[in-house]
Colleague: 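Here it is: the structure, laid out below.
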Amino acid sequence: MERKHMSAFALYQAISTDQPPPAKKASLQVAEKKKKKKENGASKTNTVKAQLKPERKKIRKKPLRSAQREENLKEITDNQEDEEEECVGGDGEDLEAFLADLAKVNNSRERASKLFQWLINPIPAKSFFRETWEKKPILVQRNNPDYYKGLFSTAEFDRILRQEDVQYGVNLDVTSYTNGQRETHNPPGRALPFTVWDFYEAGCSLRMLNPQAFSSTVWNVLSILQEQFGSMAGANVYLTPPGTQGFAPHYDDIEAFVVQLEGKKHWRVYNPRTEDEILPVLSSPNFNQAEIGKPILEVVLEAGDLLYFPRGFVHQGDCLPDAHSLHITVSSFQKNSWGDLLQKVVPAALEIAMEEDVEFRQGLPLDYLTYMGVQNSDKDDPRRTKFFSRVESLMKKLTNYAPVDAAVDQKSRDYLHDCLPPLLSPEELASSVKGAPTRWERGQVMDVGAHITNQTRVRVLRAGCARLCSDGEAVHLYHTIDNSRTYHKEEPKSFEIKAEHTDAVEFLIHSYPKFVTVGSLPCDSAEDRITLAEQLFERGIIHTAEPL
């Protein structure tokens, strides 16, 4: 039987009336998938076997105070005072040209700072992080539809579907939200244009989960921005037909920068519902309208506009009947809180304390089960006070054994595993191993003769691309150079550094962005200096001031 196709506008009209929604196509297999949560990817130290999770009595969640709601209502605007940051990548500047200019910036940290300033212009970055970051939403309306032009487009979306291996559920989700019900319509296998655009015409939204795997421009932007955040920068692209909504109201566990690329979209943003949902650890389930109250911000984003909101702020976006919407959400700071760090510090501190301090090894009172625990929590027993005092004393003492630097190194390994590899500029390519001219030509290998000498000037490829970490027995250099453009497709990349070379590697890392001569590396001999430099060069960690 031939299927009847409806235009997106006709579908919107049907949904907007009191009539029941149009029947779904018979071929649609509607299967709501549970939202995947990204795991931190961190492996706890081998010696830490388990982590206690104490039970708590259930308490009623407190709603946000009205004063706090009023405070969040203020200053959701782009009219910020001018500060010391100057506008970068200003109105009308071509993104490709701006990125080419950025590639000439000598310091990758400065490059990241300039790119972030371009992203949020005209808001000064310093005032943003001081007043807005993790605190409240903010809106930038530019009246310049070409401001983000070149970052991504529907034409690029179509090219990727035609040329790349896009898999449903892995790289692309097909979604809808009608009559308060959020549904996912992913068939198995590869997403091909014939089927994908058929879904779109039927009123479904399309979410590309990792556009950086297919778009070099998105890859470049995210790989630069991750140094600004000190945390992985990710992205999703959302293409929504006119007059439809693809997702239910919800909050996320990431800091979100909604970049409107084409068309326009109606957004509503709501305060965290309770104090417990401020800066949440996990994303929320889908909410219905009755659960979220009134929005603190309601706006139509048009091409060139930006909307930022912190994790925990409930949001929903829907298309108006007269235009489609294409936006990219740049995200960061997932699982990057003090609590996430302490989850690594505390178990290791306990193990060290129990090894070194007899007080942590002394036995519990013989009768503690008779007065401690939830069933005894309402007892007025002086032994309970004494028990809590002992626990408090041990907790304070525990800080003396906290291996904070080792825990930070563990977090840094997770970060380097999460990161995108650097997209090399032409100059970096020419001066790194990836641009070496060695090749097979006319029946023989050509241009093998270039060698590193003590006079060769070198530096690490990026400020944050490599880090020395110790596991207690050996020192490894973890790096992002060979990472995949798809999240965690590869295992963490590292290799062992000889003990006598660690000072030289630290020297290289701390010298960035300056080039230093191989002869200045603090090694025992000239031979060691050259051997280390060749090892780092061959692995892509360093590049030379001039092509070899």
Colleague: Taking only residues two or more places apart in sequence, or in another chain, which ones meet Trp133 in a side chain to side chain donor-acceptor pair (under 3.5 Å)?
Modeller: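 Residues passing side chain to side chain donor-acceptor pair (under 3.5 Å) with Trp133: none at all.
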
Colleague: What closest approach, in Å, do Thr480 and Leu420 show between heavy atoms, and which atom pair accounts for it?
Modeller: CB-O, 4.1 Å

Colleague: Determine whether the aromatic ring centres of Tyr478 and Phe495 lie less than 6.0 Å apart.
Modeller: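 No; Phe495 has its ring centre 6.0 Å or more from that of Tyr478.
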
Colleague: So Val258 and Leu306, do their side chains get closer than 4.5 Å, heavy atoms only?
Modeller: no

Colleague: With a 4.0 Å cut-off, would you call Arg111 and Glu227 a salt bridge?
Modeller: no

Colleague: Between Asn483 and Cys419, is there a donor-acceptor pair closer than 3.5 Å when you use the side chain of the first and the backbone of the second?
Modeller: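 Checked: pair present.
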
Colleague: Testing Val259, Leu297, Val140, Thr329 for side-chain contact (heavy atoms from CB on, under 4.5 Å) with Leu307, which one passes?
Modeller: Leu297

Colleague: Any side-chain heavy atom of Phe313 sitting closer than 4.5 Å to one from Ile296?
Modeller: yes

Colleague: Any idea which heavy atoms bring Phe152 and Met208 closest together, and the distance?
Modeller: CZ-SD, 4.3 Å

Colleague: Can you label the angle between the Phe309 ring and the Trp267 ring as parallel, tilted or perpendicular, going by 30° and 60°?
Modeller: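 Taking Trp267 first and then Phe309, their aromatic rings sit tilted (interplane angle of 30° to 60°).
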
Colleague: Are the side chains of Arg539 and Lys493 in contact, using a 4.5 Å heavy-atom criterion?
Modeller: no

Colleague: Regarding Lys344 and Asp414, does a basic nitrogen lie under 4.0 Å from an acidic carboxylate oxygen?
Modeller: yes

Colleague: Using the six-membered ring wherever Trp is involved, compare the ring planes of Phe287 and Tyr251 and label them parallel, tilted or perpendicular (cut-offs 30° and 60°).
Modeller: tilted

Colleague: Search all heavy atoms of Asn236 against all heavy atoms of Arg207 and return the closest pair with its distance.
Modeller: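 Looks like ND2-CD, 4.1 Å.
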
Colleague: Which class fits the ring pair Tyr200 and Trp197: parallel under 30°, tilted 30 to 60°, perpendicular over 60°?
Modeller: perpendicular

Colleague: Excluding sequence neighbours, so at least two apart, what forms side chain to side chain contact (heavy atoms under 4.5 Å, CB included) with Val330?
Modeller: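 In terms of side chain to side chain contact (heavy atoms under 4.5 Å, CB included), with neighbours along the sequence ignored, Val330 is linked to Leu222, Leu225, Phe257.
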
Colleague: Could you check whether Arg462 pairs with Glu428 (Lys NZ or Arg NE/NH1/NH2 to Asp/Glu carboxylate O, under 4.0 Å)?
Modeller: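 Glu428 and Arg462: salt-bridged.
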
Colleague: Grab the two heavy atoms, one from Lys335 and one from Val281, that are nearest each other, plus how far apart they are.
Modeller: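 For Lys335 versus Val281, the nearest heavy atoms are NZ-O, 4.3 Å.
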
Colleague: Please name all residues satisfying side chain to side chain contact (heavy atoms under 4.5 Å, CB included) with Ala474, sequence neighbours left out, ordered by chain then number.
Modeller: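 By the side chain to side chain contact (heavy atoms under 4.5 Å, CB included) rule, Ala474 matches Asp471, His476, Glu496.
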
Colleague: How far apart are the closest heavy atoms of Phe333 and Glu134, and which atoms are they?
Modeller: CD2-OE2, 3.9 Å

Colleague: Looking at Asn143, I want to see if its CG is surrounded by more than 12 non-hydrogen atoms of other residues, nucleotides or ligands under 6.0 Å.
Modeller: no

Colleague: Can the ring centres of Phe214 and Phe157 be said to be less than 6.0 Å apart?
Modeller: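 Ring centres of Phe157 and Phe214 not closer than 6.0 Å.
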
Colleague: Verify the neighbour count for atom CD of Glu96: are there more than 12 heavy atoms of other residues, nucleotides or ligands below 6.0 Å?
Modeller: no

Colleague: Could you check whether Arg162 pairs with Asp158 (Lys NZ or Arg NE/NH1/NH2 to Asp/Glu carboxylate O, under 4.0 Å)?
Modeller: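 Answer for the salt bridge query: yes.
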
Colleague: A side-chain contact here means heavy atoms from C-beta on lying under 4.5 Å apart; do Ile123 and Tyr308 qualify?
Modeller: no

Colleague: So, for Ala463 and Arg109, which heavy atoms are closest and what is the spacing to 0.1 Å?
Modeller: CB-CZ, 3.5 Å

